[in-house]
Amino acid sequence: MIKKNLFRLSWHFWRRSQCRNYCSTADAHVGIVGSGPAAFYTAQQLLKGCQNLKVDIYEQLPVPFGLVRYGVAPDHPEVKNVINTFSKVVNNDRCSFVGNVSVGKDVSLAQLKEAYTAVVLAYGANSERCLNIQGENLPNVISARNFVGWYNGLPENQNLELNLDVEDVAIVGHGNVALDIARILLTPLELLKKTDITEKAIKALSSSKVQRVHLIGRRGPLQVAFTIKEFREMTRLPKSRPVLDPDDFKHLADYLEDLPRPRRRLTELLYNTAVKPLEKDQKMWADATRTWHLHFLRSPVEILSEGLSIKGLRLVKNKLEGPIKNNPKAVSTHETIDLSCGMILTSIGYKGVKIDPDLPFDHNKGVVANENGRVIGVPGLYCTGWVSRGPLGVILNTMTDGIDTGKLILKDLKDNRLEVNKPGKDVIIKKLKEAGVQTVSFDDWKKIDSAEILKGESAGKPREKMVDISEMLNLVTKETS
Ligand code: FAD
Ligand code: NAP
C-alpha cells in the first residue's frame, strides 16, 4: 500500500515537473480558429500541459461545437455527449470562447498572429467536392453538406430549396454521410420528431413522397467508405428494406479470410444481407413501405432533366483496376445506364477553403499547407483537424489531431521557438468592437443553449435549435442589457 502511494506521489510530481518544463514563468497565449472537436481537444491539451497558458477560441458562428452540432445526425444524440467535455474545457478560467467572429473577414490572420504566442487553425472543411458534370447546378441537385446543414439548423442552409415531392432520390457516394442522409430521408417521422432535427425539416419531411433511395458507389463492395455500425443501423431501419444485388457480392466470399478484421466484418454483413439474410431480418423487412438500394461500380456522368426538372442520373459502368484488396481505381467502361430519380444528393466529401489571403493553402487537397501540423513558412502558425489533413475521420481521429497539435505547441514553447507575453484577446476584442462586430462569450452561448432546450421541451425534443443568427444575437443582447 505504502509502496503504491509512494509511486503515485512520485508520478504526480514527475507529471507536474513535466508540465512546468513545457513553458517558463512567462505567459503564453494561444488563439484557436474554429470551435469544433479539433479546437477543443487542442485547447484541452494546452491547458493541461502548461499552467500559465491561456487559450481563446474564435468561432465564426455565435454558437460553438462545429460539426458536433451541425454535422452529427440528429438521431445520434449519444455522439454529441462530447459537448460536455468541450464545455468543461472552456469553463476553465484560462479559456475563452469568442463567437460570431469570422477569421479572415472580421479579423485577419496577421492581426491574430500579432496578438498571440501561437495561432492554431482548426476551422474544418467549409465547402464540398463537386462532381463537375452537366446539370450539377439544377434545382434539387444538392450537396450533402447543404442538406445536412439544412436538417441540423445551420443558419446558412435554412433557405435551401428542396423538393421532396419525388419518389426516387439518388445519393452519390458510399460514405457515412451518405448513410446519414439516407437514414434521415427514410426514418419514420415519429422517431425523428423526438430528436433535435429542426421543426422546418420535420415539416418538409412530413410531406415527403420519397419511396426509394439509391446509394451510388463508384467502386465495389470491398471499397465502401461507410462503417459497420452505420450499415447495420440501415438494415434495421423500421419500414425500410435494403435492396442489394446478390451478384455484386457472391465473389466476395473468396476474399474474406485475408481482409483486416473491421473490413472483414463489414463485408460479411454486406454479404449476408445481400446473399443470405437472416429469417428475422426478412420478417422485419416484410412490412417495409420504402426501399434503399446499393449500386456499385457506377459513376455519374450527366444529370438528366426536362427544363429545370430532374428526371434522372446517367451513370457510366466502371471496372476496377489494380489489386482488389489494395485500393483499386474505378475506371470507366464507357457503357452507360440511366437511373430515374427526381432529387440528387452529392455526398462525395467536404472540402477545406482558404480563409485569409496570407495563408499558405493546398487547393488540390483543400487543406492548409502544413508539415505535421506546422503551417509551412509561418512560424507560430499551426493547423489541426479536418483543415490540416482533409475531411476524413471521426471525432476520435480528430481528438488525436488536437492532442498532437497541443503537444507540438507545448514542445515549441519549451524549446523557446515561440514569442511569449503577447496580449491575447483583449487587443482583438477592442478592434472588433471598433469595427462594430458583436462578439458572443461562452456565457452568452449558455443563454442560447437554455432557450433552445426550453423551446424543445414542449415538443418533446432535446432542443429546438435557433436557426437565425440575428435571433441568437438579439437574445444575447436582450439578456445582457
Ligand atoms: P469542424 O467540426 O467542422 O469545426 C470547425 C469549426 O470552425 C466550425 O465550428 C466552423 O464554423 C468554424 N469556422 C470555419 N471557418 C471559420 C472562420 N473563418 N473563422 C472562425 N471559425 C471558423 N464523427 C463521429 O465520430 N461520429 C459521427 O456521428 C459523425 N457524424 C458526422 C456527420 C457529418 C455530416 C460529418 C460531415 C462528419 C461527422 N463526423 C462524425 C466527423 C466529425 O464531425 C469530424 O471528425 C470533426 O467534426 C472534425 O472536427 P474539426 O474541428 O476539424 O472541424
Ligand atoms: P468519405 O468517407 O470520404 O466518403 C466519400 C464517398 O464518396 C466515398 O464512397 C467515395 O468513393 C465517394 N466519392 C468521392 N469522390 C467521388 C466522385 N468524384 N465520384 C463518385 N464518388 C465519389 O466522406 P464522408 O461520407 O463525407 O464522411 C467524412 C468523414 O466523416 C468520414 O471519415 C466518415 O466516417 C465520418 N462520418 C462518420 C459518421 C459516423 O461515425 N456515424 C457519420 C458521418 C461522417 P471512393 O472511396 O471511391 O473515393
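Only this structure's heavy atoms are used, side chains among them; waters, hydrogens and symmetry mates stay out. Both counts, for ligands and for their atoms, begin at 1 and track the order of listing. Given the structure is predicted, the values throughout are model-derived calculations rather than measurements.
- The shortest contact between atom 41 (N) of ligand 2 and any protein heavy atom is with E230 OE2, 2.9 Å.
- Residue contacts with ligand 1: L396 is placed with no nitrogen or oxygen under 3.5 Å of a nitrogen or oxygen of the ligand (distance criterion only).
- The side chain of V177, and not its backbone, has at least one atom closer than 4.0 Å to an atom of ligand 1 (non-hydrogen atoms only; side chain from C-beta on).
- By the 4.0 Å heavy-atom criterion, G104 is excluded from the residues contacting ligand 1.
- Looking at H174, R219, E128, it is R219 that brings a heavy atom closest to atom 47 (O) of ligand 2.
- No N or O atom of A39 sits closer than 3.5 Å to an N or O atom of ligand 1.
- Below 4.0 Å from some heavy atom of G66 lie the following atoms of ligand 1, by number and element: 2 (O), 4 (O), 8 (C), 9 (O).
- For the pair I395 and ligand 1, the shortest N or O to N or O distance falls below 3.5 Å.
- Listed here is the closest heavy atom pair of P323 and P328: O-CD, 3.5 Å.
- For atom 51 (O) of ligand 1, the closest non-hydrogen atom of the protein is A38 N, 3.0 Å.
- Contact check on E452 versus K465 returns no salt bridge, with no Lys/Arg side-chain nitrogen under 4.0 Å from an Asp/Glu carboxylate oxygen.
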Problem set entry | Residues F40, I32; criterion side chain to side chain contact (heavy atoms under 4.5 Å, CB included); working and verdict | CA-CA 9 Å; F40 279 104; I32 301 184; over 6 Å; no
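- Residue contacts with ligand 2 leave out S299, since none of its heavy atoms falls under 4.0 Å from the ligand.
- E156 has a carboxylate O that lies under 4.0 Å from a charged side-chain N of R145, or vice versa, which qualifies the two as a salt bridge.
- If you check which protein heavy atom lies closest to atom 21 (N) of ligand 1, you get Q60 N, 3.1 Å.
- Set against the non-hydrogen atoms of W386, the atoms of ligand 2 under 4.0 Å away are 28 (C), 29 (C), 30 (O).
- For the pair Q438/V476, a side-chain contact is recorded, criterion being any heavy-atom separation below 4.5 Å from C-beta on.
- With respect to E434 and K430, a salt bridge is recorded, a charged nitrogen being found less than 4.0 Å from a carboxylate O.
- Taking the six-membered ring where the residue is Trp, the centroids of F65 and Y70 are separated by 6.0 Å or more.
- Checking V394, L67, I57 against atom 3 (O) of ligand 1, the nearest heavy atom belongs to L67.
- Those atoms of ligand 1 with a heavy atom of I355 less than 4.0 angstrom away are 18 (N).
- Each of the following atoms of ligand 1 lies closer than 4.0 Å to a heavy atom of V33: 19 (N), 20 (C).
- Atom 41 (C) of ligand 1 has as its closest protein heavy atom G393 O, 3.5 Å.
- Evaluated by nearest non-hydrogen atom to atom 35 (C) of ligand 2, the leading choice among G220, G175, G393, G349 is G393.
- When only non-hydrogen protein atoms are considered, atom 4 (O) of ligand 1 lies nearest to G36 CA, 3.4 Å.
- Annotation: atom 38 (C) of ligand 2 to nearest protein heavy atom, N176 CB, 3.6 Å.
- Under a 4.0 Å N-O distance rule, the pair E464/K461 qualifies as a salt bridge.
- Between R212 and D168 there is a salt bridge, with a side-chain nitrogen of the basic residue lying less than 4.0 Å from a carboxylate oxygen of the acidic one.
- If you look at Y271 and F249, their ring centroids are not closer than 6.0 Å.
- Counting atoms of ligand 1 from 1 in the listed order, those under 4.0 Å from a heavy atom of G385 are 52 (O).
- Using a non-hydrogen distance threshold of 4.0 Å, V101 registers as a contact of ligand 1.
- Using a cutoff of 4.0 Å between basic side-chain nitrogens and carboxylate oxygens, D449 and R463 are scored as salt-bridged.
- The single protein non-hydrogen atom nearest to atom 53 (O) of ligand 1 is G124 CA, 3.5 Å, given as residue, atom name and distance.
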For this session: Show the numbers, then the answer: is there a side chain to side chain donor-acceptor pair (under 3.5 Å) between Y116 and D56?
Result: CA-CA 9 Å; Y116 286 95; D56 301 326; 2.5 Å; yes
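- With a 4.0 Å heavy-atom cut-off, ligand 1 is reached by no atom of A144.
- Evaluated by nearest non-hydrogen atom to atom 17 (C) of ligand 2, the leading choice among R218, R145, Q223 is R218.
- Of all protein heavy atoms, the one lying nearest to atom 15 (N) of ligand 1 is N126 ND2, 3.1 Å.
- A salt bridge between D75 and K194 is absent, with no side-chain N of the basic residue lying under 4.0 Å from a carboxylate O of the acidic one.
- Contacts of V224 with ligand 2, taken as heavy-atom pairs under 4.0 Å, are absent altogether.
- K446 and D443 are joined by a salt bridge, as a carboxylate oxygen and a charged side-chain nitrogen come within less than 4.0 angstrom of each other.
- Ring geometry for F231 against W292 counts as perpendicular: the plane angle is over 60°, on a 0 to 90° scale with 30° as the lower cut.
- Ion pairing of R261 with E268 is absent here, as no side-chain N (NZ or NE/NH1/NH2) approaches a carboxylate O to less than 4.0 Å.
- The residue A330 has no part lying near ligand 2, judged by heavy-atom distances below 4.0 Å.
- Looking at ligand 1, you'll find an N or O of V103 within less than 3.5 Å of one of its N or O atoms.
- Atom 27 (O) of ligand 2 has its closest protein heavy atom at V177 CG2, 3.5 Å.
- Contact atoms of ligand 1 toward V79: 26 (N), 27 (C), 28 (O) (distance under 4.0 Å to a heavy atom of the residue).
- The six-membered or imidazole ring of F86 lies away from that of W445, with a centre-to-centre distance of 6.0 Å or more.
- Within the listing of ligand 1, atoms 6 (C), 7 (O), 12 (C), 21 (N) sit less than 4.0 angstrom from a heavy atom of G34.
- Ligand 1 has no nitrogen or oxygen under 3.5 angstrom from a nitrogen or oxygen of Y350.
- Contact annotation for atom 10 (C) of ligand 2: protein absent (non-hydrogen atoms, distance under 4.0 Å).
- Tested against T384, the residues T405, T398, D404 include a single side chain to side chain donor-acceptor pair (under 3.5 Å) partner, T405.
- Atoms of ligand 1 lying under 4.0 Å from at least one heavy atom of S102, given by number and element, are 18 (N), 19 (N).
- The protein heavy-atom contact nearest to atom 34 (C) of ligand 1 is G71 O, 3.4 Å.
- Here V72 has heavy atoms under 4.0 Å from ligand 1 in both its backbone and its side chain.
- Residue-to-ligand polar distances keep D180 apart from ligand 1: every N/O pair is separated by 3.5 Å or more.
- Taking atom 37 (C) of ligand 1 as the reference point, the nearest protein heavy-atom neighbour is W386 CH2, 3.7 Å.
- We find that D106 and K431 are not joined by a salt bridge, their nearest charged nitrogen and carboxylate oxygen being 4.0 Å or further apart.
- The shortest heavy-atom distance from G217 to ligand 2 is not under 4.0 Å.
- On a distance-only criterion, E59 and ligand 1 share at least one N/O pair closer than 3.5 Å.
- Shown here for I57 and A43, the closest heavy-atom pair between the two residues is CD1-CB, 4.2 Å.
- Taking any N or O of P391, backbone or side chain, none lies under 3.5 Å from an N or O belonging to ligand 2.
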